[in-house]
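Notes follow the structure.
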Amino acid sequence: MIGHIKYFVGNWKMFGIPRSIKIIDRINSFFNKDKKNNKSYKIAIAPPHTLIQDFSNKYKNKKIIISAQNCYHKDSFGAHTGQISPFMIKNIGIKFIIIGHSENRASGETDKIIQEKIQFTLKNNFKVFLCIGENSTEKRKKKTFTVLKNQLKSALNKRYNFNNIIIAYEPVWSIGTGKILSPNELKKIIIFLKKFIKNHFKKKTHIKILYGGSVDKKSIYKFKSIKELDGFLIGSASKSSKNFIDIIKNFYK
Ligand code: PGA
């Protein structure tokens, strides 16, 4: 909706080493200079787990949000080699987390696991970016709406505080492929999702819905007219400060 704060979220995936903080530094100085628009949007960057503590300390009093990319689905501590719990992430000062990314779903995260992750991260007071999206077969078979409904129904519960949930609609076939759905199609899906959440979970809150999948400085123009959209989850293009800044610049141009 017009007037609502937009989110530009960078998902670095498996990218970044300590000196990559420079990327965030440059984005931060752009943000500080962007007096004309910077009250209308928030920036979040999700670096890998190796960097979030250091980066969140450096960005503690700044406007850029440092987010985690994923976490384990139960227990605060336990015999789960290689895993990190929301409790541990919360304790290093992180308040945002991405859950249910299609790359994680593809490597074995089931709806049940995602459901547990949402429950557990909300319990630990996180704000969650919940990723949903159909794959190319589902799209071809015209199952998009059914898939999205099922993913939402299984992940969420009407008892949750929906102010802490941000949905990222990411068609799997669009991630990293340069393929993008038409603004008209996207608008329809966003409106459908907002209505469905309102009715199914009986929520009056304005739920934020972001779009993700091949968002870059060129494709961003396509989305400018969709006022129902609350922002973007950006993969590839978020690894370069210039690309990320250009996305924001072009969006507000
Ligand atoms: P992409 O990735 O922007 O590289 O398509 C988006 C995402 O996976 O969140």
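We use all heavy atoms of the structure for the numbers below, so side chains are in, but hydrogens, waters and symmetry mates are not. Counting begins at 1 with the first residue of the sequence. For ligands, and for the atoms within them, numbers begin at 1 and follow the listed sequence.
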Nonpolar side-chain network containing Ile65, other nodes, edges under 4.5 Å: Tyr7, Val9, Phe96, Ile98, Phe129, Ile166, Leu210, Leu233

With a cut-off of 6.0 Å (strictly less than), are more than 12 heavy atoms of other residues, nucleotides or ligands near NZ of Lys42? no

Find all protein N or O atoms under 3.5 angstrom from an N or O atom of ligand 1 and list the pairs with distances, or write 'none'.
{"unit_1": "ligand 1", "atom_1": "2 (O)", "unit_2": "Lys13", "atom_2": "NZ", "d": "3.4"}
{"unit_1": "ligand 1", "atom_1": "3 (O)", "unit_2": "Gly235", "atom_2": "N", "d": "2.9"}
{"unit_1": "ligand 1", "atom_1": "4 (O)", "unit_2": "Ser236", "atom_2": "N", "d": "2.9"}
{"unit_1": "ligand 1", "atom_1": "5 (O)", "unit_2": "Gly176", "atom_2": "N", "d": "2.7"}
{"unit_1": "ligand 1", "atom_1": "5 (O)", "unit_2": "Ser214", "atom_2": "N", "d": "2.7"}
{"unit_1": "ligand 1", "atom_1": "8 (O)", "unit_2": "Lys13", "atom_2": "NZ", "d": "2.7"}
{"unit_1": "ligand 1", "atom_1": "8 (O)", "unit_2": "His101", "atom_2": "NE2", "d": "2.7"}
{"unit_1": "ligand 1", "atom_1": "9 (O)", "unit_2": "His101", "atom_2": "NE2", "d": "3.2"}
{"unit_1": "ligand 1", "atom_1": "9 (O)", "unit_2": "Glu170", "atom_2": "OE1", "d": "3.2"}
{"unit_1": "ligand 1", "atom_1": "9 (O)", "unit_2": "Glu170", "atom_2": "OE2", "d": "2.7"}

Side-chain donor/acceptor pairs under 3.5 Å, residues 183-192, sequence neighbours excluded:
{"unit_1": "Glu185", "atom_1": "OE1", "unit_2": "Ser182", "atom_2": "N", "d": "3.2"}
{"unit_1": "Glu185", "atom_1": "OE1", "unit_2": "Ser182", "atom_2": "OG", "d": "3.4"}
{"unit_1": "Glu185", "atom_1": "OE2", "unit_2": "Lys139", "atom_2": "NZ", "d": "3.0"}
{"unit_1": "Lys187", "atom_1": "NZ", "unit_2": "Glu228", "atom_2": "OE1", "d": "3.2"}
{"unit_1": "Lys187", "atom_1": "NZ", "unit_2": "Glu228", "atom_2": "OE2", "d": "3.3"}

Student check: side-chain heavy atoms of Ser241 and Ile27 closer than 4.5 Å: yes

His206 and Lys194, any side-chain heavy atoms less than 4.5 Å apart: yes

Salt bridge (Lys or Arg N to Asp or Glu O under 4.0 Å) partners of Lys62, counting only residues at least two apart: none

